[in-house]
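Worksheet for the structure shown next.
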Amino acid sequence: MTMDYYLTDEQKMIQELARKIAEEKIRPIAAELDEKEEFPWEIMKVLAKSDLFGIFVEEKYGGTGGGVLELCLATEELSRACGGIAICYAASALGTYPIILFGKDEQKERYLPSLARGEKLTAFALTEAGAGSDAAAIQMTAKKDGDSYVLNGTKQWITNGGEAEIYTVIAMTNKAKGARGASAFIVEKGTKGFDFGKKEKKMGIRASATKELVLTDCRVPKATLLGKEGMGFVVALKTFDQSRPGVAAQAVGIAQGALDLATEYARERVQFGKSISSFQGIQFMLADMATQIEAARALVYSAARMIDAGANRFSKESAMAKLFASDVCMKVTTDCVQIFGGYGYMKDYPIEKFMRDAKITQIYEGTNQIQRNIIASGLIKEAASKKQV
Ligand SMILES: Cc1cc2nc3c(=O)[nH]c(=O)nc-3n(C[C@H](O)[C@H](O)[C@H](O)COP(=O)(O)OP(=O)(O)OC[C@H]3O[C@@H](n4cnc5c(N)ncnc54)[C@H](O)[C@@H]3O)c2cc1C
(Lines give C-alpha, C1' and ligand atoms only; values in the text may rest on other atoms or scores of the structure.)
Protein backbone atom coordinates (compact mmCIF):
# COMPACT_ATOMS: atom_id res chain seq x y z
CA MET A 1 0.00 0.00 0.00
CA THR A 2 1.30 3.43 -0.88
CA MET A 3 0.19 6.77 0.52
CA ASP A 4 -3.20 8.06 -0.62
CA TYR A 5 -2.62 10.62 -3.38
CA TYR A 6 -6.33 11.26 -3.89
CA LEU A 7 -6.25 10.13 -7.49
CA THR A 8 -9.43 10.48 -9.56
CA ASP A 9 -11.38 7.32 -10.41
CA GLU A 10 -9.99 7.49 -13.93
CA GLN A 11 -6.40 7.76 -12.67
CA LYS A 12 -6.97 4.81 -10.35
CA MET A 13 -8.31 2.81 -13.30
CA ILE A 14 -5.16 3.57 -15.32
CA GLN A 15 -3.00 2.56 -12.36
CA GLU A 16 -4.90 -0.70 -11.84
CA LEU A 17 -4.93 -1.55 -15.53
CA ALA A 18 -1.17 -0.99 -15.87
CA ARG A 19 -0.56 -2.99 -12.66
CA LYS A 20 -2.60 -5.91 -14.01
CA ILE A 21 -0.71 -5.92 -17.32
CA ALA A 22 2.60 -5.67 -15.43
CA GLU A 23 1.80 -8.63 -13.20
CA GLU A 24 0.05 -10.88 -15.70
CA LYS A 25 1.89 -10.17 -18.93
CA ILE A 26 5.22 -8.46 -18.20
CA ARG A 27 6.60 -10.14 -15.07
CA PRO A 28 6.49 -13.68 -16.53
CA ILE A 29 8.61 -12.71 -19.58
CA ALA A 30 10.81 -9.88 -18.22
CA ALA A 31 13.90 -12.01 -17.51
CA GLU A 32 13.70 -13.79 -20.87
CA LEU A 33 13.40 -10.59 -22.94
CA ASP A 34 16.23 -9.06 -20.90
CA GLU A 35 18.45 -12.07 -21.59
CA LYS A 36 17.59 -12.21 -25.30
CA GLU A 37 17.61 -8.39 -25.72
CA GLU A 38 14.29 -8.77 -27.48
CA PHE A 39 11.90 -5.87 -28.14
CA PRO A 40 8.55 -6.46 -26.36
CA TRP A 41 6.18 -6.12 -29.33
CA GLU A 42 3.56 -8.40 -27.77
CA ILE A 43 3.40 -6.17 -24.70
CA MET A 44 3.22 -3.01 -26.83
CA LYS A 45 0.17 -4.53 -28.54
CA VAL A 46 -1.45 -5.26 -25.17
CA LEU A 47 -0.79 -1.67 -24.02
CA ALA A 48 -2.24 -0.38 -27.28
CA LYS A 49 -5.37 -2.51 -26.93
CA SER A 50 -5.78 -1.20 -23.39
CA ASP A 51 -5.65 2.40 -24.68
CA LEU A 52 -2.60 3.23 -22.57
CA PHE A 53 -0.80 5.05 -25.39
CA GLY A 54 -3.52 7.70 -25.53
CA ILE A 55 -3.75 8.63 -21.85
CA PHE A 56 -1.76 11.85 -22.29
CA VAL A 57 -3.18 12.82 -25.70
CA GLU A 58 -6.09 15.23 -26.18
CA GLU A 59 -9.49 13.65 -26.86
CA LYS A 60 -9.85 15.45 -30.21
CA TYR A 61 -6.79 13.55 -31.45
CA GLY A 62 -8.04 10.20 -30.21
CA GLY A 63 -6.58 10.20 -26.70
CA THR A 64 -8.36 10.12 -23.36
CA GLY A 65 -7.29 13.63 -22.41
CA GLY A 66 -5.08 12.97 -19.39
CA GLY A 67 -1.66 14.44 -18.82
CA VAL A 68 1.76 13.86 -17.33
CA LEU A 69 0.37 12.37 -14.10
CA GLU A 70 -1.54 9.68 -16.00
CA LEU A 71 1.60 8.85 -17.98
CA CYS A 72 3.63 8.66 -14.74
CA LEU A 73 1.08 6.34 -13.10
CA ALA A 74 1.19 3.91 -16.01
CA THR A 75 4.99 4.07 -16.38
CA GLU A 76 5.52 3.48 -12.64
CA GLU A 77 3.31 0.39 -12.61
CA LEU A 78 4.92 -1.13 -15.73
CA SER A 79 8.40 -0.43 -14.29
CA ARG A 80 7.55 -2.34 -11.12
CA ALA A 81 7.73 -5.48 -13.25
CA CYS A 82 10.33 -4.41 -15.84
CA GLY A 83 12.07 -1.07 -16.32
CA GLY A 84 13.20 -2.11 -19.80
CA ILE A 85 9.76 -2.90 -21.16
CA ALA A 86 8.33 0.19 -19.45
CA ILE A 87 10.79 2.48 -21.24
CA CYS A 88 9.69 1.24 -24.68
CA TYR A 89 6.29 2.65 -23.73
CA ALA A 90 7.58 5.83 -22.04
CA ALA A 91 10.09 6.63 -24.81
CA SER A 92 7.20 6.70 -27.24
CA ALA A 93 5.69 9.45 -25.08
CA LEU A 94 9.04 11.29 -25.28
CA GLY A 95 8.77 11.13 -29.07
CA THR A 96 5.10 12.19 -29.01
CA TYR A 97 5.49 15.26 -26.79
CA PRO A 98 7.23 17.42 -29.43
CA ILE A 99 4.19 16.92 -31.68
CA ILE A 100 1.78 17.67 -28.82
CA LEU A 101 3.71 20.77 -27.73
CA PHE A 102 4.89 22.19 -31.07
CA GLY A 103 2.90 20.44 -33.80
CA LYS A 104 0.74 22.48 -36.16
CA ASP A 105 -2.87 21.30 -36.51
CA GLU A 106 -2.09 19.36 -39.70
CA GLN A 107 0.85 17.62 -38.02
CA LYS A 108 -1.25 16.73 -34.98
CA GLU A 109 -4.05 15.41 -37.18
CA ARG A 110 -1.61 13.38 -39.25
CA TYR A 111 0.31 11.74 -36.39
CA LEU A 112 -1.45 11.86 -33.01
CA PRO A 113 -4.44 9.57 -33.67
CA SER A 114 -2.30 6.58 -34.70
CA LEU A 115 0.15 7.27 -31.86
CA ALA A 116 -2.70 7.52 -29.33
CA ARG A 117 -4.00 4.17 -30.57
CA GLY A 118 -0.53 2.68 -30.15
CA GLU A 119 -0.46 1.61 -33.81
CA LYS A 120 2.89 3.33 -34.21
CA LEU A 121 5.73 4.03 -31.78
CA THR A 122 7.83 7.16 -31.71
CA ALA A 123 11.38 8.08 -30.73
CA PHE A 124 13.28 11.25 -29.95
CA ALA A 125 16.70 11.80 -31.49
CA LEU A 126 19.05 14.43 -30.14
CA THR A 127 22.24 12.68 -28.93
CA GLU A 128 25.29 12.18 -31.17
CA ALA A 129 28.73 10.68 -30.53
CA GLY A 130 30.24 14.07 -29.68
CA ALA A 131 27.12 15.71 -28.25
CA GLY A 132 25.51 14.31 -25.10
CA SER A 133 25.11 16.78 -22.23
CA ASP A 134 26.38 19.48 -24.59
CA ALA A 135 23.49 19.16 -27.02
CA ALA A 136 24.46 22.35 -28.83
CA ALA A 137 27.49 20.48 -30.20
CA ILE A 138 25.37 18.34 -32.56
CA GLN A 139 26.75 17.98 -36.07
CA MET A 140 23.73 16.69 -37.97
CA THR A 141 22.75 19.25 -40.58
CA ALA A 142 19.45 20.09 -42.26
CA LYS A 143 19.97 22.15 -45.37
CA LYS A 144 17.02 24.01 -46.87
CA ASP A 145 16.48 23.19 -50.52
CA GLY A 146 13.34 24.69 -52.05
CA ASP A 147 10.33 23.19 -50.29
CA SER A 148 12.34 20.59 -48.42
CA TYR A 149 15.26 20.06 -46.06
CA VAL A 150 18.10 17.62 -46.65
CA LEU A 151 19.37 15.93 -43.49
CA ASN A 152 22.86 14.48 -43.04
CA GLY A 153 24.47 12.99 -39.92
CA THR A 154 24.28 10.22 -37.34
CA LYS A 155 22.34 10.07 -34.06
CA GLN A 156 23.34 7.53 -31.43
CA TRP A 157 21.67 5.67 -28.57
CA ILE A 158 18.13 6.37 -29.71
CA THR A 159 15.58 4.50 -27.61
CA ASN A 160 12.99 2.70 -29.79
CA GLY A 161 15.40 3.19 -32.72
CA GLY A 162 14.44 0.86 -35.56
CA GLU A 163 11.17 -0.15 -33.88
CA ALA A 164 9.47 3.27 -33.99
CA GLU A 165 7.79 4.61 -37.12
CA ILE A 166 7.96 8.32 -36.25
CA TYR A 167 11.11 10.19 -35.15
CA THR A 168 11.64 13.72 -33.86
CA VAL A 169 15.12 14.60 -35.09
CA ILE A 170 17.08 17.68 -34.04
CA ALA A 171 19.52 19.00 -36.66
CA MET A 172 21.46 22.21 -37.31
CA THR A 173 19.83 24.46 -39.89
CA ASN A 174 22.31 27.26 -39.28
CA LYS A 175 25.52 26.34 -37.45
CA ALA A 176 26.63 29.98 -37.27
CA LYS A 177 23.69 30.73 -34.94
CA GLY A 178 24.86 28.17 -32.36
CA ALA A 179 22.10 27.22 -29.89
CA ARG A 180 19.58 29.19 -32.01
CA GLY A 181 20.64 27.40 -35.16
CA ALA A 182 18.95 24.03 -34.61
CA SER A 183 15.54 22.88 -35.84
CA ALA A 184 13.28 19.89 -35.10
CA PHE A 185 11.85 17.63 -37.81
CA ILE A 186 9.40 14.75 -37.88
CA VAL A 187 11.06 12.01 -39.91
CA GLU A 188 9.18 8.85 -40.84
CA LYS A 189 10.79 5.42 -40.99
CA GLY A 190 11.09 4.40 -44.62
CA THR A 191 12.06 7.88 -45.87
CA LYS A 192 14.80 7.51 -48.49
CA GLY A 193 18.22 8.09 -46.90
CA PHE A 194 17.04 7.19 -43.39
CA ASP A 195 18.77 4.03 -42.14
CA PHE A 196 19.53 2.35 -38.84
CA GLY A 197 23.03 1.53 -37.64
CA LYS A 198 24.44 -0.30 -34.65
CA LYS A 199 22.13 -1.82 -32.03
CA GLU A 200 23.70 -1.33 -28.59
CA LYS A 201 24.33 -4.10 -26.06
CA LYS A 202 23.48 -2.66 -22.66
CA MET A 203 23.91 -3.18 -18.92
CA GLY A 204 20.20 -2.83 -18.24
CA ILE A 205 16.82 -2.06 -19.85
CA ARG A 206 17.89 -4.71 -22.33
CA ALA A 207 14.42 -5.39 -23.77
CA SER A 208 14.47 -1.84 -25.11
CA ALA A 209 16.08 -1.12 -28.47
CA THR A 210 18.88 1.48 -28.50
CA LYS A 211 20.12 2.22 -32.01
CA GLU A 212 21.99 4.57 -34.27
CA LEU A 213 20.04 6.60 -36.86
CA VAL A 214 22.01 7.27 -40.03
CA LEU A 215 20.67 10.03 -42.27
CA THR A 216 22.31 10.41 -45.67
CA ASP A 217 20.90 13.05 -48.02
CA CYS A 218 17.57 12.35 -46.38
CA ARG A 219 15.06 14.74 -47.94
CA VAL A 220 12.00 15.69 -45.89
CA PRO A 221 9.27 18.18 -46.84
CA LYS A 222 9.21 21.59 -45.17
CA ALA A 223 5.91 20.54 -43.61
CA THR A 224 7.85 18.19 -41.28
CA LEU A 225 9.44 21.13 -39.45
CA LEU A 226 8.23 21.25 -35.83
CA GLY A 227 7.78 24.79 -34.55
CA LYS A 228 9.84 27.37 -36.40
CA GLU A 229 13.31 27.11 -37.89
CA GLY A 230 15.87 27.83 -35.15
CA MET A 231 13.66 26.42 -32.37
CA GLY A 232 15.20 22.95 -32.27
CA PHE A 233 16.69 23.25 -28.80
CA VAL A 234 13.56 24.92 -27.45
CA VAL A 235 11.61 21.89 -28.70
CA ALA A 236 14.16 19.59 -27.01
CA LEU A 237 14.26 21.44 -23.67
CA LYS A 238 10.47 21.87 -23.38
CA THR A 239 10.00 18.22 -24.31
CA PHE A 240 12.40 17.11 -21.56
CA ASP A 241 10.66 19.34 -19.01
CA GLN A 242 7.48 17.45 -19.82
CA SER A 243 8.97 13.97 -20.04
CA ARG A 244 11.42 13.93 -17.10
CA PRO A 245 8.71 13.12 -14.54
CA GLY A 246 8.13 10.01 -16.68
CA VAL A 247 11.75 8.89 -16.18
CA ALA A 248 11.32 9.70 -12.50
CA ALA A 249 8.20 7.52 -12.44
CA GLN A 250 10.18 4.73 -14.10
CA ALA A 251 12.71 5.10 -11.26
CA VAL A 252 10.00 4.99 -8.57
CA GLY A 253 8.52 1.88 -10.19
CA ILE A 254 11.86 0.06 -10.43
CA ALA A 255 12.64 0.93 -6.79
CA GLN A 256 9.19 -0.19 -5.59
CA GLY A 257 9.44 -3.42 -7.57
CA ALA A 258 12.81 -4.15 -5.97
CA LEU A 259 11.56 -3.34 -2.47
CA ASP A 260 8.53 -5.62 -2.92
CA LEU A 261 10.87 -8.51 -3.78
CA ALA A 262 13.34 -7.72 -0.98
CA THR A 263 10.60 -7.50 1.67
CA GLU A 264 9.22 -10.87 0.61
CA TYR A 265 12.71 -12.39 0.56
CA ALA A 266 13.53 -10.96 4.01
CA ARG A 267 10.41 -12.63 5.41
CA GLU A 268 11.33 -16.01 3.93
CA ARG A 269 15.10 -16.20 4.35
CA VAL A 270 16.21 -17.87 7.59
CA GLN A 271 19.64 -17.38 9.16
CA PHE A 272 20.66 -17.93 12.79
CA GLY A 273 17.38 -19.85 13.13
CA LYS A 274 15.24 -16.78 12.44
CA SER A 275 13.74 -14.89 9.53
CA ILE A 276 16.26 -12.21 8.52
CA SER A 277 13.32 -9.75 8.69
CA SER A 278 13.54 -10.05 12.49
CA PHE A 279 17.00 -8.39 12.48
CA GLN A 280 16.90 -4.68 13.15
CA GLY A 281 19.72 -4.13 10.63
CA ILE A 282 17.42 -5.45 7.87
CA GLN A 283 14.30 -3.74 9.25
CA PHE A 284 16.00 -0.33 9.20
CA MET A 285 17.06 -0.84 5.59
CA LEU A 286 13.49 -1.73 4.62
CA ALA A 287 12.09 1.25 6.54
CA ASP A 288 14.55 3.70 4.97
CA MET A 289 13.87 2.36 1.48
CA ALA A 290 10.09 2.56 1.85
CA THR A 291 10.35 6.14 3.13
CA GLN A 292 12.71 7.24 0.35
CA ILE A 293 10.49 5.72 -2.34
CA GLU A 294 7.39 7.41 -0.92
CA ALA A 295 9.20 10.77 -0.83
CA ALA A 296 10.28 10.27 -4.46
CA ARG A 297 6.74 9.31 -5.50
CA ALA A 298 5.29 12.38 -3.78
CA LEU A 299 7.77 14.64 -5.59
CA VAL A 300 7.09 13.00 -8.96
CA TYR A 301 3.30 13.27 -8.63
CA SER A 302 3.60 16.89 -7.44
CA ALA A 303 5.77 17.87 -10.41
CA ALA A 304 3.37 16.08 -12.78
CA ARG A 305 0.35 17.80 -11.23
CA MET A 306 2.08 21.18 -11.50
CA ILE A 307 2.64 20.61 -15.24
CA ASP A 308 -0.91 19.35 -15.79
CA ALA A 309 -2.34 22.35 -13.93
CA GLY A 310 -0.78 24.59 -16.58
CA ALA A 311 2.14 26.08 -14.64
CA ASN A 312 4.26 28.46 -16.69
CA ARG A 313 7.64 27.26 -15.49
CA PHE A 314 8.48 23.83 -14.20
CA SER A 315 11.99 22.99 -15.47
CA LYS A 316 13.36 23.08 -11.92
CA GLU A 317 10.61 20.90 -10.41
CA SER A 318 10.72 18.44 -13.28
CA ALA A 319 14.53 18.14 -12.87
CA MET A 320 14.16 17.74 -9.08
CA ALA A 321 11.76 14.84 -9.57
CA LYS A 322 14.10 13.09 -12.03
CA LEU A 323 17.20 13.71 -9.89
CA PHE A 324 15.72 12.60 -6.58
CA ALA A 325 13.76 9.60 -7.84
CA SER A 326 16.65 8.20 -9.89
CA ASP A 327 19.15 8.58 -7.01
CA VAL A 328 16.66 6.87 -4.68
CA CYS A 329 16.19 4.14 -7.29
CA MET A 330 19.92 3.41 -7.53
CA LYS A 331 20.35 3.35 -3.75
CA VAL A 332 17.26 1.25 -3.10
CA THR A 333 18.02 -1.35 -5.77
CA THR A 334 21.62 -1.66 -4.51
CA ASP A 335 20.37 -2.17 -0.94
CA CYS A 336 17.78 -4.69 -2.13
CA VAL A 337 20.56 -6.78 -3.69
CA GLN A 338 22.29 -6.55 -0.28
CA ILE A 339 19.20 -7.97 1.43
CA PHE A 340 19.30 -10.95 -0.94
CA GLY A 341 22.96 -11.49 0.01
CA GLY A 342 24.86 -13.76 -2.41
CA TYR A 343 21.61 -14.90 -4.00
CA GLY A 344 21.06 -11.26 -4.99
CA TYR A 345 24.19 -11.43 -7.12
CA MET A 346 22.94 -14.43 -9.06
CA LYS A 347 20.87 -14.27 -12.24
CA ASP A 348 18.64 -17.07 -10.89
CA TYR A 349 16.99 -14.37 -8.78
CA PRO A 350 15.19 -11.39 -10.30
CA ILE A 351 16.71 -8.68 -8.08
CA GLU A 352 20.03 -8.05 -9.88
CA LYS A 353 18.10 -6.93 -12.98
CA PHE A 354 16.45 -4.16 -10.98
CA MET A 355 19.88 -2.82 -10.00
CA ARG A 356 21.05 -2.96 -13.64
CA ASP A 357 17.87 -1.28 -14.88
CA ALA A 358 18.10 1.44 -12.21
CA LYS A 359 21.39 2.94 -13.40
CA ILE A 360 20.10 4.38 -16.66
CA THR A 361 17.57 6.58 -14.84
CA GLN A 362 20.52 8.65 -13.52
CA ILE A 363 21.91 9.06 -17.05
CA TYR A 364 19.35 9.55 -19.80
CA GLU A 365 17.15 12.59 -20.50
CA GLY A 366 20.03 14.56 -18.99
CA THR A 367 22.46 13.13 -16.44
CA ASN A 368 21.90 13.93 -12.78
CA GLN A 369 24.77 16.42 -12.90
CA ILE A 370 22.85 18.26 -15.63
CA GLN A 371 19.64 18.08 -13.53
CA ARG A 372 21.55 19.79 -10.71
CA ASN A 373 22.65 22.50 -13.17
CA ILE A 374 19.01 23.05 -14.17
CA ILE A 375 17.83 23.19 -10.55
CA ALA A 376 20.60 25.61 -9.52
CA SER A 377 20.00 27.83 -12.53
CA GLY A 378 16.26 27.94 -11.70
CA LEU A 379 17.03 28.87 -8.08
CA ILE A 380 19.46 31.61 -9.05
CA LYS A 381 17.03 33.10 -11.61
CA GLU A 382 14.24 33.10 -9.00
CA ALA A 383 16.51 34.87 -6.51
CA ALA A 384 17.50 37.45 -9.13
CA SER A 385 13.89 38.15 -10.10
CA LYS A 386 12.92 38.63 -6.40
CA LYS A 387 15.66 41.21 -5.99
CA GLN A 388 14.35 43.20 -8.97
CA VAL A 389 10.82 43.45 -7.48
C1 LIG B 1 20.34 3.51 -22.89
C2 LIG B 1 20.34 4.91 -23.37
C3 LIG B 1 19.24 5.40 -24.06
C4 LIG B 1 19.25 6.71 -24.55
N5 LIG B 1 18.18 7.16 -25.26
C6 LIG B 1 18.26 8.37 -25.90
C7 LIG B 1 17.22 8.79 -26.78
O8 LIG B 1 16.19 8.13 -26.96
N9 LIG B 1 17.39 9.97 -27.44
C10 LIG B 1 18.48 10.76 -27.27
O11 LIG B 1 18.59 11.81 -27.91
N12 LIG B 1 19.48 10.39 -26.41
C13 LIG B 1 19.40 9.21 -25.73
N14 LIG B 1 20.39 8.81 -24.88
C15 LIG B 1 21.52 9.69 -24.64
C16 LIG B 1 21.56 10.29 -23.24
O17 LIG B 1 20.58 11.27 -23.10
C18 LIG B 1 22.98 10.79 -22.98
O19 LIG B 1 23.78 9.63 -22.78
C20 LIG B 1 23.10 11.71 -21.80
O21 LIG B 1 22.46 12.93 -22.05
C22 LIG B 1 24.56 12.01 -21.40
O23 LIG B 1 25.35 12.29 -22.49
P24 LIG B 1 26.75 11.49 -22.67
O25 LIG B 1 26.44 10.06 -22.49
O26 LIG B 1 27.36 11.92 -23.93
O27 LIG B 1 27.62 11.94 -21.44
P28 LIG B 1 28.57 13.22 -21.36
O29 LIG B 1 27.80 14.45 -21.68
O30 LIG B 1 29.83 12.97 -22.12
O31 LIG B 1 28.91 13.26 -19.80
C32 LIG B 1 29.93 12.47 -19.21
C33 LIG B 1 29.96 12.81 -17.71
O34 LIG B 1 30.27 14.20 -17.55
C35 LIG B 1 29.25 14.84 -16.80
N36 LIG B 1 29.06 16.20 -17.29
C37 LIG B 1 28.88 16.60 -18.57
N38 LIG B 1 28.71 17.94 -18.61
C39 LIG B 1 28.76 18.39 -17.34
C40 LIG B 1 28.63 19.66 -16.71
N41 LIG B 1 28.40 20.77 -17.43
N42 LIG B 1 28.74 19.73 -15.37
C43 LIG B 1 28.98 18.62 -14.63
N44 LIG B 1 29.09 17.38 -15.16
C45 LIG B 1 28.97 17.27 -16.50
C46 LIG B 1 27.99 13.99 -17.03
O47 LIG B 1 27.04 14.17 -15.98
C48 LIG B 1 28.59 12.59 -17.04
O49 LIG B 1 28.77 12.14 -15.73
C50 LIG B 1 20.39 7.53 -24.33
C51 LIG B 1 21.48 7.03 -23.62
C52 LIG B 1 21.47 5.75 -23.16
C53 LIG B 1 22.69 5.25 -22.42
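From a predicted model like this one, the values you see are computed outputs, not experimental measurements. Numbering of ligands and ligand atoms starts at 1, following listing order.
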Please tell me whether T159 and T210 have a donor and an acceptor in their side chains that are separated by less than 3.5 angstrom.
no
Considering G132, S133, A125, which one's heavy-atom position lies nearest to atom 28 (P) of ligand 1?
S133
Output yes when a protein non-hydrogen atom is found under 4.0 Å of atom 1 (C) of ligand 1, and no otherwise.
yes
Is the ring pair F124/F240 parallel, tilted or perpendicular, if the boundaries are 30 and 60 degrees?
perpendicular
Is it the case that S326 and N368 place a side-chain donor and acceptor less than 3.5 Å from each other?
yes
Is there a donor-acceptor contact under 3.5 Å linking the side chains of Q15 and Y5?
no
How close does the nearest protein non-hydrogen atom get to atom 8 (O) of ligand 1, and which residue and atom is it?
T159 N, 2.9 Å
Looking only at protein heavy atoms, which one is nearest to atom 12 (N) of ligand 1, and what is the separation?
T127 OG1, 2.6 Å
Inspect the surroundings of NZ in K189 and state if more than 12 heavy atoms from other residues, nucleotides or ligands are less than 6.0 Å away.
yes
Heavy atom of the protein closest to atom 45 (C) of ligand 1 (residue, atom name, distance):
Q369 CB, 4.2 Å
Nearest non-hydrogen protein atom to atom 22 (C) of ligand 1, with distance, is T367 CG2, 3.6 Å
Report the nearest protein non-hydrogen atom to atom 4 (C) of ligand 1: residue, atom name, distance rounded to 0.1 Å.
W157 O, 3.0 Å
Heavy atom of protein closer than 4.0 angstrom to atom 20 (C) of ligand 1
yes
Mode of I360 contact toward ligand 1 - side chain, backbone, both, neither (heavy atoms, under 4.0 Å)
side chain
For I158, counting its heavy atoms only, list the atoms of ligand 1 lying under 4.0 Å from any of them.
7 (C), 8 (O), 9 (N), 10 (C), 11 (O)
Give me the residue, atom name and distance of the protein heavy atom closest to atom 9 (N) of ligand 1.
F124 O, 2.8 Å
Using atom types as modelled, flag every donor-acceptor pair under 3.5 Å from a side chain in residues 337-352 to any protein atom, sequence neighbours excluded.
residue: E352; atom: OE1; partner: R356; partner atom: NE; Å: 2.7
residue: E352; atom: OE2; partner: R356; partner atom: NH2; Å: 3.2

So the atoms of ligand 1 within less than 4.0 Å of a heavy atom of K202 turn out to be 1 (C)
Ligand-side contact atoms (ligand 1) for residue partner I363, heavy atom cut-off under 4.0 Å
20 (C)
Considering only heavy atoms, does N373 approach ligand 1 within less than 4.0 Å through its side chain, its backbone, both, or neither?
side chain
Protein heavy-atom contact under 4.0 Å for atom 32 (C) of ligand 1?
no
Under a 4.0 Å heavy-atom limit, does E365 contact ligand 1 with its side chain, its backbone, both, or neither?
backbone
Should we say atom NZ of K104 is surrounded by more than 12 heavy atoms from elsewhere, each under 6.0 Å from it?
yes
Donor on one side chain, acceptor on other, N152 and T141, under 3.5 Å
no
